[in-house]
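Letters A, B, ... are given to chains in the order of the sequence lines, protein chains preceding strands, and every chain is numbered from 1.
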Amino acid sequence: MTIRLHDTATRQLRELDPVIPGHVGIYHCGLTVQGPPHIGHIRKEVVFDVLRRWLERAGYDVTIVANVTDIDDKILAKGEEQGRPWFAVAYENERALHAAYEVLGCRPPTYEPRATGHVPEMIEMMQTLIEKGHAYAADDGSGDVYFDVRSWPSYGELSNQKVDDMLPAPDAPPEGKRDPRDFALWKGHKDGDPESASWPTPWGRGRPGWHLECSAMAAKYLGHEFDIHGGGLDLRFPHHENELAQSRAAGQPFARLWMHNAMLNLGGSKMAKSVGNTLMVSEVVKRVPAPALRYYLAAAHYRSIIEFSEEALAEAATAYERIEGFVRRAVALTGPVEPGEVTLPFAHAMDDDLSVPAALAEVHRVVAEGNRLVTENDVEGLRLALASVRAMLDVLGVDPLSAHWAQSSGGDDRTHEALGTLVEALLEQRQEARANKDFATADRARDQLAAAGVEIEDTAQGPRWKVLDN
RNA sequence: GGUGGGUUGGCCGAGAGGCGAGGCAACGGACUGCAAAUCCGUUUACACGGGUUCAAAUCCCGUACCCACCUCCA
């Protein structure tokens, strides 16, 4: 079984060919923690969480490293604006990011290094680059260190651009630069900046430029050559281009394959704080169940733009409910069934550049088949179908019976038990009334339960109930 | 100006030369006391204009529009 993934660098599907057989090392760019995560940010997390789950199911040992950029211009500005230390802003938003992982069932990365914790590694890398003639300290006394774009002939290879076609990099005043397209590896300390936002280097005090941290941290935790580098498509240039240039120029082969997820748009443009069209994860999960949001974000192919709409989100929630309904119904007949094997069409779909849409079509096919087995009361067949559906849902991270989702719904056990006793009592009364053809009483019981948010479903095995999510 | 990606039915969303992915919605039927859920069935497509081909949503050329990047961005 081979997995093929779209490689941004070569713009074609390539077979996954790990540096270490049986192991996959993935680096994907985390957030600049200048604000809480919106659903566009978390789309990336869901995409890479699904990739990880699929690789693990294929038997790979997966290491995931995702950085936290905890210092940059905006974080400093926020700190200033809010009258508190920049690191307090960064840390608060980092915690919000972790909460979003948790609420959407994204397993944390193997490690999440912070930029500010890796200054020595960055200094080392700059020294190497300067020695090799690919970087230089600005001679304008700014303390900035720049990468020399002209010294690296393959600069532009990732985004397929020629240096001459590029606009100048405005990350620093151009005075100290040899070429306006040179980018900052390191930013010298400025007078207005807090002292705590600077670290000593051979070139004076200063702070990390954005791009260098990823090169330094990927090398530290994944080695000089690793398998997959990922992130949002908007990071392809300049961020990933610069990472690639730095690392290669420093003599490291770097990532073998580049994966980029498409953006999530709202109102026709990329969800972004600067546009003001953001929807926070914490807000959206109040409107739809968290696994339904995850289903929505995972259901489109990762390289397709998602144009967010409330209607589409509601549709996804309905589709997910259909699957969840089957799982509930099935497990009531079979008793506990562990996830089994995914079906062949599902596996083929996932192996083909994570074709989740095709994989979901297969889930729905097995669900429909399973629903027929429920009607036929074929418990043995149902066990197989349920095991298979659970396995497939597990890959996508939306198995309603998984420890993660099962615990997060419907309150604690004792409350649930108490509620169950009451609901069962009402259902008994309803059954009795129905037997006596007293339908007015029977419907009243159903209405009462509905008003309380409890939905009942009549099955061949008697009525079943569930608490509606929202 | 440069580099990529896109435009599919009422809606979402796959596919990438021939056989109508899937979901949601709608309609009809089965089941039901009535519903809900479920099952069975039905309907509506490939931005526009040319071309290649026995055959084009799919390949080629052109046009329009949209998105992303070349500023911070998942």
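Residues A/Pro400 and A/Arg328 fail the side-chain proximity criterion, which asks for heavy atoms closer than 4.5 Å. Looking at heavy atoms from C-beta onward, A/Asp144 lies out of side-chain contact with A/Trp186 at the 4.5 angstrom threshold. Side-chain contact check for A/Ile71 versus A/Pro208: some heavy-atom pair is nearer than 4.5 Å.
Here, B/C46 and B/C59 have their C1' atoms 15 Å apart, quoted to the whole Å. To the nearest whole angstrom, the two C1' atoms, one in B/U53 and one in B/G18, are 12 Å apart. Using P as the reference atom, B/A36 and B/A30 are 14 Å apart when rounded to the nearest Å. Using atom P as the reference point in both B/U38 and B/C72, the two lie 49 Å apart (nearest Å). Remark: the separation of the C1' atoms in B/C61 and B/G9 is 28 Å, to the nearest Å. Using C1' as the reference atom, B/U58 and B/A21 are 15 Å apart when rounded to the nearest Å. Distance noted for atom C1' between B/G17 and B/G23: 27 Å (whole Å). Distance check on atom C1': B/C69 versus B/C54 gives 43 Å, rounded to whole Å.
Residue A/Asn261 places none of its side-chain N or O atoms closer than 4.0 Å to OP1 or OP2 of B/A74. Side-chain nitrogen and oxygen atoms of A/Arg322 include at least one within less than 4.0 Å of the OP1 or OP2 phosphate oxygen of B/C39. Using a 4.0 Å cut-off, some side-chain N or O of A/Ser304 falls inside it from OP1 or OP2 of B/A14. For B/A74, the OP1/OP2 oxygens have a side-chain nitrogen or oxygen of A/Thr32 closer than 4.0 Å. Taking only side-chain nitrogens and oxygens, A/Arg372 comes nearer than 4.0 Å to OP1 or OP2 of B/C40. Distances shorter than 4.0 Å separate some side-chain N or O of A/His41 from OP1 or OP2 on B/A74.
Considering only side-chain atoms of A/His364, the nucleotide from B/G23, B/U38, B/G13 that sits closest is B/G23. Relative to the side chain of A/Pro238, the nucleotides B/A14, B/G4, B/C72 differ in distance, and B/C72 lies closest. When distances run from any side-chain atom of A/Lys44 to the nucleotides B/A74, B/G13, B/A36, the shortest one goes to B/A74. The nucleotide whose nearest atom lies closest to any side-chain atom of A/Gln161 is, among B/U38, B/U3, B/G23, B/U3. Here B/C39 is the nucleotide among B/G2, B/C39, B/C24 with the atom lying nearest to any side-chain atom of A/Ala368. Listed candidates were B/A37, B/C24, B/U3. Nearest to the side chain of A/Glu457 is B/A37.
One N or O donor and one acceptor, one from the side chain of A/Asp443 and one from the base of B/G33, sit under 3.5 Å apart. Within 3.5 Å, no donor on the side chain of A/Asn371 pairs with an acceptor on the base of B/A37, nor the reverse. For B/A35, the base has a donor-acceptor partner in the side chain of A/Arg446 [N/O atoms by modelled type, under 3.5 angstrom].
Distance, A/Ile71 CD1 to B/C72 C1': 15 Å, rounded to whole Å. A straight line from NE2 of A/His6 to P of B/G6 spans 9 Å, rounded to a whole angstrom. Per the geometry, CG belonging to A/Leu313 stands 14 Å off P belonging to B/C12, to the nearest Å. The NE2 atom of A/His38 sits 13 Å away from the C1' atom of B/C72 (whole-angstrom rounding). Distance NE2 (A/His301) to P (B/G5): 13 Å, rounded to an integer number of Å. The CZ atom of A/Arg434 sits 9 Å away from the C1' atom of B/C34 (whole-angstrom rounding). Between A/Phe326 atom CZ and B/A37 atom P the separation is 17 Å, expressed in whole Å. Between A/Glu315 atom CD and B/G9 atom P there is a gap of 14 Å when expressed in whole angstrom units.
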What's touching nucleotides 65-68 of chain B from the protein side, N or O pairs under 3.5 Å?
{"from": "B/C67", "atom 1": "OP1", "to": "A/Gly268", "atom 2": "O", "distance (Å)": "3.4"}
{"from": "B/A68", "atom 1": "OP1", "to": "A/Lys270", "atom 2": "N", "distance (Å)": "3.0"}

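Mapping A/Ser355 and A/Phe237 onto RNA chain B by nearest heavy atom places A/Ser355 closer to the 5' end of the strand.
Salt bridge A/Arg181/A/Asp179: present, at least one basic N to carboxylate O contact under 4.0 Å.
Here A/Gly231 lies in heavy-atom contact (under 4.0 Å) with sugar-phosphate atoms only. Across all strands shown, A/Phe439 has heavy atoms under 4.0 Å from base atoms, whether or not it also approaches the sugar-phosphate. In this structure, A/Gly30 reaches the sugar-phosphate backbone alone: every heavy-atom distance under 4.0 Å involves primed, P, OP1 or OP2 atoms, never a base. A/Ile42 comes within 4.0 angstrom of nothing in the nucleic acid, heavy atoms only.
Around the CD atom of A/Glu112, the shell of radius 6.0 Å holds more than 12 heavy atoms that belong to other residues, nucleotides or ligands.
Counted by atom type alone, A/Arg303 and A/Asn261 present zero donor-acceptor pairs between their side chains at under 3.5 Å. Between the side chains of A/Asp72 and A/Thr32, no donor N or O sits under 3.5 Å from an acceptor N or O. Side-chain contact of A/His134 with A/Tyr155: a donor-acceptor pair under 3.5 Å is absent, judged by distance alone.
Between A/Phe254 and A/Trp258, the two ring planes are tilted [angle within 30° to 60°]. Ring-plane geometry between A/His229 and A/Phe226 is classed as tilted, the angle between the planes lying from 30 to 60 degrees on a 0 to 90 degree scale.
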(request) Given ring pair (Phe, Tyr, Trp, His ring centres under 6.0 Å), test A/His239 with A/Phe183 step by step and report yes or no. (result) CA-CA 10 Å; A/His239 185 51; A/Phe183 58 89; 9.7 Å; no

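Taking the six-membered ring for Trp and the full ring otherwise, the centers of A/His260 and A/His240 sit less than 6.0 Å from each other.
Paired with A/Asp49 under the rule salt bridge (charged side-chain N to carboxylate O under 4.0 Å, His left out), one option of A/Lys44, A/Arg294, A/Arg107 passes, and it is A/Arg294.
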(request) With pairs defined as Watson-Crick or G-U wobble and both distances under 3.5 angstrom, please note down RNA chain B as a dot-bracket string, | for pairing with another strand. (result) (((((((..(((.....[...))).(((((.......)))))....(((((..]....))))))))))))....

